[in-house]
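Letters go in sequence order (proteins before strands), and every chain restarts at 1.
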Protein chains: 2
Amino acid sequence: MSARPPHAPTKLELLELLAAIGTAQWRDFTATAARHGLTATQAKVLAQLGSGPLPMRGLADRLVCDASNITGIVDRLEDHGLVRREPSATDRRVKNVVTTERGHETILRVREEMQATHSALDHLDDEERATLHGLLDRLRPSMESPF
Amino acid sequence: MSARPPHAPTKLELLELLAAIGTAQWRDFTATAARHGLTATQAKVLAQLGSGPLPMRGLADRLVCDASNITGIVDRLEDHGLVRREPSATDRRVKNVVTTERGHETILRVREEMQATHSALDHLDDEERATLHGLLDRLRPSMESPF
DNA sequence: TATTGTTATACTCTATAACTATA
DNA sequence: TATAGTTATAGAGTATAACAATA
């Protein structure tokens, strides 16, 4: 009987619910990535590269972490043959990171499994999904992360 | 003009939006905890102890991680004087973890700052908050984590 | 001078396996 | 036998600081 709160929830209640869902989401994402031999961070990087190559620095911006971390993360992805470093044609300092064919297929499979696994969303009808999407979208201040 | 999607969002769209918000939420939580000298995990443990002591094993269950990790996490919290280990009166194997006065105050301050910082929720009125809460609550399959 | 990527370093979190002391 | 907590170990992510190459 917890489908609807009797009164307007407090800010803290909503924050904690969001946090709980965020935690669970990350846990699910981690588990799904692991089933494909990836860590959550590696899967995230692969997802970021879905719309095209990015320089190391660009990846650091998307992951919101220090640039020095990217070296190791991309190293490990490269070791697994999922990604390649290519020199930029216009700036000899930058290296563009590109997914290999195998990297592309891998992230597609992770995405598919995410959809298949997350049955929670199946409990909402189209109108409810639209409403939720609208509300969540307004909640997002300046979050870029597609994953 | 992205307040409402023109059509019912796909499952993948909703999943990615949830993931984005989850990531941002965790990032904010990490930053807030850091301002109080804590890691996100440490703040999470402290939050779990808000409603009373828990055995090490109980903490592992709440954090959904292996029990061996809890030793180090509680060690560090104890080093900072935020938590204490107390022997159970009924089972000499178990140790109950209790917040110290300072630990209690710290987590209260973290919670306060979370509310003060998260201005995104201020853009929703009471009815919208109630709607969002209701939808999110139905999304949660078996997530316990209060934080 | 500023920026890109890297290295070195240290800390935290994570899982696995083996151990102890209790139950 | 099973459970609670610990230790040892290894891998991954994170930040800071310093560096070389390039802009």
(message) As a test of understanding, state which of A:L59, A:I70, A:N96, A:V97 forms a side-chain contact (heavy atoms from CB on, under 4.5 Å) with A:L54.
(response)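 Option passing the side-chain contact (heavy atoms from CB on, under 4.5 Å) with A:L54: A:L59.
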
(request) State which residue, out of B:T23, B:L18, B:L139, B:I21, fulfils the side-chain contact (heavy atoms from CB on, under 4.5 Å) condition with A:Q25. (result)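 Only one of B:T23, B:L18, B:L139, B:I21 forms a side-chain contact (heavy atoms from CB on, under 4.5 Å) with A:Q25, namely B:L18.
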
Between atom [atom1] in [X] and atom [atom2] in [N], what is the gap in whole Å?
{"X": "B:L38", "N": "C:dC13", "atom1": "CG", "atom2": "C1'", "answer": "15 Å"}
{"X": "A:D75", "N": "D:dG11", "atom1": "CG", "atom2": "C1'", "answer": "14 Å"}
{"X": "A:L59", "N": "D:dG13", "atom1": "CG", "atom2": "P", "answer": "13 Å"}
{"X": "A:N69", "N": "C:dT9", "atom1": "CG", "atom2": "P", "answer": "17 Å"}
{"X": "B:K44", "N": "C:dC13", "atom1": "NZ", "atom2": "C1'", "answer": "11 Å"}
{"X": "B:D66", "N": "D:dA10", "atom1": "CG", "atom2": "C1'", "answer": "14 Å"}
{"X": "A:I73", "N": "C:dG5", "atom1": "CD1", "atom2": "P", "answer": "14 Å"}
{"X": "A:D79", "N": "D:dG11", "atom1": "CG", "atom2": "C1'", "answer": "13 Å"}

(message) Could you go through B:V94 and B:R57, starting from their C-alpha distance and side-chain angles, then the distance that decides it, and tell me whether this counts as side chain to side chain contact (heavy atoms under 4.5 Å, CB included)?
(response) CA-CA 8 Å; B:V94 351; B:R57 175 68 45 173; over 6 Å; no

(message) One pair to check against side chain to side chain contact (heavy atoms under 4.5 Å, CB included): B:E13 and B:L17. What are the steps and the verdict?
(response) CA-CA 6 Å; B:E13 279 175 336; B:L17 186 50; over 6 Å; no

(request) Could you tell me whether B:H104 atom NE2 has more than 12 heavy atoms of other residues or ligands within 6.0 Å of it? (result)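 No.
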
(message) Please tell me if A:R76 has a side-chain N or O lying less than 4.0 Å from either OP1 or OP2 of D:dG13.
(response) yes

(message) Can you see if the side chain of A:R85 gets near the phosphate of C:dT6 - specifically, an N or O under 4.0 Å from OP1 or OP2?
(response)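 Yes, because at least one side-chain N or O of A:R85 sits under 4.0 Å from OP1 or OP2 of C:dT6.
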
(message) Below 4.0 angstrom, which residues in residues 90-100 of chain A have at least one non-hydrogen atom near DNA chain D?
(response) A:D91, A:R92, A:R93

(request) Check whether the side chain of A:S68 and the base of D:dT14 form a donor-acceptor pair under 3.5 Å. (result) no

(message) Between the base of D:dT7 and the side chain of B:T71, is one N or O donor paired with an acceptor at under 3.5 angstrom?
(response) no

(message) Quick check: on DNA chain C, is the nucleotide nearest B:H80 upstream (toward 5') of the one nearest B:V64, or the reverse? Name the residue that is more 5'.
(response) B:H80

(message) Walk me through whether A:E16 and B:M114 qualify under side chain to side chain contact (heavy atoms under 4.5 Å, CB included).
(response) CA-CA 10 Å; A:E16 295 195 338; B:M114 285 283 286; over 6 Å; no

(message) Nearest to the side chain of B:M56, heavy atoms from C-beta on, is which of C:dC13, D:dT6, C:dA15?
(response) D:dT6

(message) Rounded to the nearest 0.5 Å, what separates atom CD in B:E105 from atom OG1 in B:T99?
(response) 10.0 Å

